[in-house]
Structures are given as structure tokens and as C-alpha cells.
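Count residues from 1 along the sequence.
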Amino acid sequence: MQLARLWREHLAAGCPNELTGVEIAGTDARELDAEITACVSAVLTRTITVDGRIERRLCDIRSALANKQAGADAPVAQYCQRLNQLVSAVLVESKGGRA
């Protein structure tokens with residue numbers, strides 16, 4: 001499953017120190033990371049259904065990550081790209097009826 005692989009890779013990579021004080025989608029980057037991690041965990045364990053509200057939030061996050069990535073230095077840009085792949089995988093997984 002791609003989502004599980006991406007999640008493991010994201011957890012192994014960690015958050016760069018350069019994220020301190022960075023805000024993405026109206027949320028501190030580290031808090032956003034925790035929000036997405038909780039969502040991924042819930043999707044993988046099938047303890048959540050990605051409804052319209054969650055889907056909209058994930059789409060907003062995906063857009064904000066792309067914007068932040070475009071103007072960021074390498075460590076933050078790489079982090080945003082990795083997290084965005086994870087968010088996209090959650091959306092794909094949930095649309096497949098598995099969430």
C-alpha cells in the first residue's frame with residue numbers, strides 16, 4: 001500500500017529544524033504534521049471515514065503545501081513535497097473506498 005510506505009518514509013525523514021515558526025495552511029508546520037499523521041493513522045487503521053469536511057481540509061493543506069514548497073529553501077521544500085505526497089495518498093486511498 002502506497003500510503004503506508006509514504007507514511008513510513010515521512011516518519012523516518014522527520015521534520016527539518018528550518019520548520020520552526022513556519023505556518024502552513026494557517027497552522028504551525030509541526031502541528032500540521034501531527035494533524036496529518038493522525039489522519040493517516042486513522043485511515044490506515046480504518047477508524048475514520050474521510051468525509052467532505054476532512055477532504056476539503058486536506059485539499060486546502062495540499063494547496064498550501066504546494067505554495068510553501070514553491071518559495072522555500074531546500075529542507076522546507078523537500079519536507080513540503082513529502083508531506084504533500086502523503087496528503088495526496090490519503091485522498092486517493094479514501095476515494096478508493098478503503099477509508
Side-chain angles (χ1 to χ4, degrees):
M1 172 187 295
Q2 181 179 355
L3 179 58
R5 179 185 55 78
L6 288 170
W7 190 35
R8 284 190 305 273
E9 290 172 1
H10 179 71
L11 292 175
C15 294
N17 290 331
E18 291 84 356
L19 279 178
T20 302
V22 172
E23 198 170 282
I24 301 170
T27 305
D28 176 79
R30 293 180 191 275
E31 291 175 15
L32 182 67
D33 189 273
E35 178 183 347
I36 293 169
T37 296
C39 184
V40 170
S41 176
V43 167
L44 287 174
T45 60
R46 299 183 184 174
T47 57
I48 190 174
T49 298
V50 176
D51 61 13
R53 182 187 60 81
I54 295 170
E55 185 176 343
R56 282 188 301 279
R57 173 69 174 148
L58 292 173
C59 287
D60 289 346
I61 290 168
R62 189 169 54 179
S63 177
L65 284 165
N67 289 338
K68 183 64 75 174
Q69 179 183 348
D73 291 334
V76 172
Q78 290 167 350
Y79 168 84
C80 288
Q81 179 183 17
R82 189 176 61 249
L83 194 59
N84 211 352
Q85 288 174 333
L86 191 57
V87 169
S88 295
V90 168
L91 289 166
V92 167
E93 182 78 12
S94 67
K95 289 204 185 301
R98 298 183 54 120

In terms of heavy-atom contacts, R57 and A25 come closest through NH1-O, 3.3 Å
Over all atoms of both residues, closest heavy-atom pair of T27 and L32: CG2-N, 3.7 Å
Does any part of the side chain of L3, heavy atoms only, come nearer than 4.5 Å to the side chain of L86, both counted from C-beta? yes
Apply side-chain contact (heavy atoms from CB on, under 4.5 Å) to I54 and D51, showing your working. CA-CA 5 Å; I54 295 170; D51 61 13; 3.3 Å; yes
Within-4.5 Å side-chain heavy-atom neighbours: I24 and I61: no
H10 vs L83, side-chain contact (heavy atoms from CB on, under 4.5 Å): CA-CA, chis, key distance, verdict: CA-CA 7 Å; H10 179 71; L83 194 59; 3.6 Å; yes
With a 4.5 Å cut-off on side-chain heavy atoms, are C39 and V90 touching? yes
Spell out, as yes or no, whether a donor-acceptor pair under 3.5 Å connects the side chain of N84 to the backbone of R62. yes
Any donor-acceptor pair under 3.5 Å linking the side chain of T37 with the backbone of D33? yes
Sub-4.5 Å side-chain heavy-atom contact between E55 and K95: yes
Rounded to the nearest 0.5 Å, how far does OG of S88 lie from CG of L6? 9.5 Å
Which heavy-atom pair separates Q69 from A77 by the least distance, and what is that distance? CG-O, 3.5 Å
Considering non-hydrogen atoms only, spot the tightest contact between Y79 and G14 and give its length. CD1-O, 4.2 Å
If you take all heavy atoms of I48 and V43, which pair is closest and at what distance? CG2-N, 3.6 Å
Provide the full list of salt bridge (Lys or Arg N to Asp or Glu O under 4.0 Å) pairs with a residue in residues 19-32, sequence neighbours left out, each pair given once. none
Would L44 and E93 count as a side-chain contact (heavy atoms from CB on, under 4.5 Å) here? Give the steps. CA-CA 9 Å; L44 287 174; E93 182 78 12; 5.7 Å; no
Any donor-acceptor pair under 3.5 Å linking the side chain of S63 with the backbone of D60? no
